[in-house]
Amino acid sequence: MIQEIQIYNTLTRRKEVFEPLVPGKVGLYVCGPTVYGSPHLGHARSAITFDLLFRYLKQIGYKVRYVRNITDVGHLIADADEGEDKIEQQAKLDELEPMEVVQKYTNLYHKAMAMLNLQAPSIEPRASGHIIEQIEEVKKILNSGYAYESNGSVYFDVEKFAAENDYGKLSGRKIEDLISNTRSLDGQNEKRSGLDFAIWKKASPEHIMRWPSPWSDGFPGWHMECTAMSCKYLGETFDIHGGGMDLTFPHHEAEMAQAQAAHGKPAVRYWMHNNMITLNGQKMGKSLGNAISLEDFFTGNHPLLEKAYSPMTIRFFMLQAHYRSTLDFSNEALQASEKGLERLMKAVAKIDSLPVSASSSINVAELSANCYTAMADDMNSPIAISYLFDGVKMINSIADGKSTITSAEKDALKSLFRIFVSDIFGLKADDQAESGNSEVLSEVVELLMKLRMEAKANKDWATSDKIRNELTAIGFDIKDGKDGVTWELKK
RNA sequence: GGUCGGUUGGCCGAGUGGUUAGGCAGCGGUCUGCAAAACCGUGUACGGCGGUUCGAAUCCGCCACUGACCUCCA
């Protein structure tokens with residue numbers, strides 16, 4: 001059942017055949033959000049990319065443990081060692097307890113991810129819930145000699161580590177370049193080098209979120225949480241680590257170094273990074289102030305949005321681009337995806353009612369093989385989708401009586417679309433316009449339809465068109481088909 | 001400044017040596033009282049200059065433009 005797949009490994013900068021540490025099982029760790037703001041399109045890109053991976057790996061037969069963390073402490077603003085904690089800063093702005101901020105934005109994140117039809121990770125650990133584990137990792141790194149204590153804080157000794165290990169390999173950086181780059185802005189005397197990063201930070205008196213440790217009352221450094229939690233739930237060595245490309249340096253580079261220093265061996269076998277969402281060619285990011293929240297997309301309530309876009313439209317939009325390409329947001333592109341998705345889903349809904357024949361003029365096995373091959377090539381979802389649209393043409397052609405399909409082939413086609421559209425791509429029919437009084441509404445519309453049919457029967461086009469036009473203006477879609485009139489309420 | 005990417009038809013977006021990616025829009029058609037919707041059909045694009053090759057969007061060189069990272073960011 002398990003087929004050979006290739007994934008692009010950032011560490012080696014090429015596609016590699018994926019071979020799990022333990023046959024049939026995959027350990028997957030992905031950097032989740034820092035919960036200090038509303039989830040935006042960028043969060044969705046990362047989450048959808050690795051949801052796709054999660055679903056796909058399971059589909060081809062792997063048992064997957066998917067760990068995605070929530071960063072709720074230790075993530076600092078501005079300078080990694082002098083700045084204020086993001087959570088605490090937002091807490092002051094919102095006049096909330098830090099944990100209220102964490103809860104508020106965690107809830108928003110979960111809600112948005114659920115709307116995007118993401119499957120929940122197997123484990124979703126919080127950094128604040130793993131302080132002890134992080135302290136233990138800090139101890140190990142101190143023991144191995146790659147860290148030093150300074151005024152209650154503990155710093156990772158990058159230059160010492162780099163002298164004996166590969167530092168900068170993941171992000172393609174040379175230690176000499178990094179040194180020459182950081183020397184100029186060296187103003188901290190706690191650190192031996194501007195390159196060093198905190199793995200435990202002593203809390204200043206006004207700092208609220210603090211925990212006791214052998215070195216000081218304080219909090220763990222940002223990079224520490226992923227090392228500690230991935231190790232706890234996936235082991236010292238695990239298969240895949242994912243995240244946004246912007247985390248490659250310094251976050252993932254630091255993680256690599258920490259794990260190596262603490263455990264004496266690399267933790268991650270395959271590094272996967274999704275590319276960024278851009279807006280007018282520029283990265284969309286909270287710190288850049290150009291991020292559009294997912295809620296804005298769902299409601300259409302944003303100056304840059306011409307209309308609301310459903311979660312499935314967003315999802316499909318992203319799946320139509322390869323995860324390692326930048327994807328430029330625009331209303332035009334989104335609306336194109338919206339229509340394409342509609343066509344796809346309508347075809348899917350038609351499969352059941354297709355007439356069967358004694359012979360097939362289409363080849364479902366070939367279509368299926370093409371879809372699987374596309375996905376096996378570093379999750380090339382856009383290619384797989386293009387094949388699905390070949391399938392859409394087949395379905396429509398059969399429905400039109402221009403092609404034929406056997407009963408067995410029809411079952412295969414149905415199964416193929418279920419697997420790819422629902423199970424792997426996670427696409428589902430958008431929830432119908434939720435009208436609480438739909439029953440009464442529908443009776444009223446049916447009445448109008450009846451009146452219109454009578455007018456049509458009398459060739460009273462003026463009346464029939466008036467009813468249609470008025471209903472259209474309200475937002476109804478009236479379609480005169482061969483077998484009668486159908487209508488739906490457009491959102 | 002350093003490192004690594006990108007530049008594909010009206011828009012989005014795959015594709016790495018020779019055959020139609022795909023979606024949306026446009027155009028033509030079927031259907032319709034007329035429309036709409038739906039469906040069918042339809043486009044030969046690959047930043048510039050040079051080179052390699054029988055043949056390049058695809059390989060090499062130079063140039064231009066643009067992006068990401070180098071500070072927090074999915």
Side-chain angles (χ1 to χ4, degrees), chain A residues 13 30-34 36-37 39-50 71 75-83 86 168 171-174 176-178 180-182 185 194 222 242-251 253 273-278 281-288 291 316-317 320-322 324-344 346-347 350 370 374 377 380-390 392-393 395-397 399-400 402 456 459-461 464-465 468-469 472 477-482 486-488:
Chain A
R13 273 154 229 287
V30 174
C31 290
T34 302
Y36 71 116
H40 57 74
L41 206 54
H43 293 108
R45 181 103 199 253
S46 175
I48 288 170
T49 295
F50 293 104
T71 298
H75 203 163
L76 307 172
I77 281 172
D79 185 275
D81 305 313
E82 296 303 309
K86 279 177 191 274
S171 54
R173 260 153 257 259
K174 293 189 178 69
E176 306 82 53
D177 295 342
L178 289 168
S180 63
N181 251 330
T182 48
L185 49 98
W222 174 36
M245 256 181 200
D246 50 353
L247 296 179
T248 314
F249 190 91
H251 185 53
E253 196 71 61
H273 291 99
N274 63 278
N275 214 137
M276 301 291 105
I277 297 288
T278 58
Q282 278 228 314
K283 176 179 164 179
M284 192 180 276
K286 182 174 165 69
S287 52
L288 296 169
F316 189 63
F317 173 62
Q320 277 190 297
H322 187 84
R324 282 191 290 113
S325 300
T326 56
L327 177 58
D328 199 50
F329 152 81
S330 73
N331 282 285
E332 215 178 347
L334 236 27
Q335 282 164 30
S337 287
E338 185 175 48
K339 293 195 174 166
L341 176 63
E342 198 181 338
R343 199 157 88 86
L344 176 66
K346 280 187 177 172
K350 260 196 263 187
N370 285 339
D377 181 17
N380 200 325
S381 55
I383 290 290
I385 287 171
S386 81
Y387 284 119
L388 289 182
F389 274 104
D390 285 350
V392 168
K393 279 193 181 170
I395 291 164
N396 289 329
S397 174
D400 249 28
K402 289 171 184 159
K456 280 179 68 149
K459 295 199 192 293
D460 180 2
W461 308 128
S464 111
D465 286 355
R468 181 178 66 195
N469 294 341
T472 302
D477 221 10
I478 313 298
K479 298 173 190 173
D480 291 342
K482 249 186 182 149
T486 60
W487 62 273
E488 62 181 318

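We name chains A, B, ... by the order of the sequence lines, and we start the count at 1 in each one.
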- Which base sits across from B:U42 as a Watson-Crick or G-U pair, both distances under 3.5 Å? B:G26
- Please measure how far the P atom in B:C63 lies from the corresponding atom in B:A57, and state the result in whole Å. 22 Å
- If each of A:Pro250 and A:Ser171 is mapped to the nucleotide of RNA chain B with the nearest heavy atom, which maps nearer the 5' terminus, i.e. the 5' end? A:Ser171
- Now, which nucleotide makes the Watson-Crick or G-U wobble pair with B:G50, with each of the two distances under 3.5 Å? B:C60
- Note on the structure: Rounded to whole Å, the OH-C1' distance (A:Tyr387 to B:G23) equals 15 Å
- Comparing A:Ile383 with A:Gly244, nearest RNA chain B nucleotide closer to 5' gives the residue A:Ile383
- Query: Base, sugar-phosphate, or nothing: which does A:Ala333 touch, judged by heavy atoms less than 4.0 Å apart?
  - Reply: sugar-phosphate
- Message: When the C1' atoms of B:G55 and B:A68 are compared, how many Å lie between them, rounded to an integer?
- Response: 36 Å
- Message: Could you tell me the Watson-Crick or G-U partner of B:G1, where both distances fall under 3.5 Å? Say none if there is no partner.
- Response: B:C70
- Roughly how far apart, to the nearest Å, are B:C39 and B:U7 at atom P? 32 Å
- Message: By nearest atom, which of the nucleotides B:C72, B:G23, B:C40 is closest to the A:Asn396 side chain?
- Response: B:C40
- Query: Any donor-acceptor pair under 3.5 Å joining the side chain of A:Arg468 to the base of B:A35?
  - Reply: yes
- Message: Applying the Watson-Crick and G-U wobble criteria at under 3.5 Å, what pairs with B:A14? Answer none if nothing qualifies.
- Response: none
- Message: What contact category does A:Asn274 fall into here, base, sugar-phosphate, or nothing, at under 4.0 angstrom with non-hydrogen atoms?
- Response: base
- Message: Using the P atom as the point on both nucleotides, what is the distance between B:A25 and B:C70, in whole Å?
- Response: 40 Å
- Item | Salt-bridge contact A:Lys393-A:Asp390 (side-chain N to carboxylate O under 4.0 Å) | no
- Item | Gap between atoms CG and C1', on A:Asp400 and B:A38 respectively (whole Å) | 9 Å
- Message: Suppose you measure atom P in B:U32 against the same atom in B:G48; what distance do you get, rounded to whole Å?
- Response: 49 Å
- Choosing from B:C40, B:A74, B:G13, which nucleotide comes nearest the side chain of A:Arg45? B:A74
- Note on the structure: Checking B:C69, B:A21, B:A14 against the side chain of A:Ser386 (C-beta onward), the nearest is B:A21
- Query: Within this structure, what is the CG-to-C1' distance between A:Asp246 and B:G67, rounded to whole angstrom?
  - Reply: 13 Å
- Message: Let's go through A:Lys346 and A:Glu342 carefully: what are the C-alpha distance in whole Å and the side-chain angles of both, what is the deciding distance for side chain to side chain contact (heavy atoms under 4.5 Å, CB included) to 0.1 Å, and is it a yes or a no?
- Response: CA-CA 6 Å; A:Lys346 280 187 177 172; A:Glu342 198 181 338; 3.4 Å; yes
- For B:G28 versus B:G17, give the span between their P atoms, rounded off to a whole number of Å. 39 Å
- Query: Say you pick atom P in B:G41 and the same atom in B:A45; how far apart are they, in whole Å?
  - Reply: 22 Å
- Pair assignment for B:G55, Watson-Crick or G-U wobble, requiring both distances under 3.5 Å: none
- A:Lys350 NZ: over 12 foreign heavy atoms closer than 6.0 Å: yes
- Euclidean distance for P, B:C34 against B:G18 (whole angstrom): 49 Å
- Please evaluate the base of B:G33 for a donor-acceptor partner in the side chain of A:Asp465 within a cut-off of under 3.5 Å? yes
- Does A:Ser464 make a side-chain donor-acceptor contact with the base of B:G33, cut-off 3.5 Å? yes
- Item | Counter-base of B:G9, judged by Watson-Crick or G-U geometry with both distances under 3.5 Å | none
- Message: Checking contacts here: which listed nucleotide (B:G33, B:C12, B:C40) is nearest the side-chain heavy atoms of A:Leu327?
- Response: B:C12
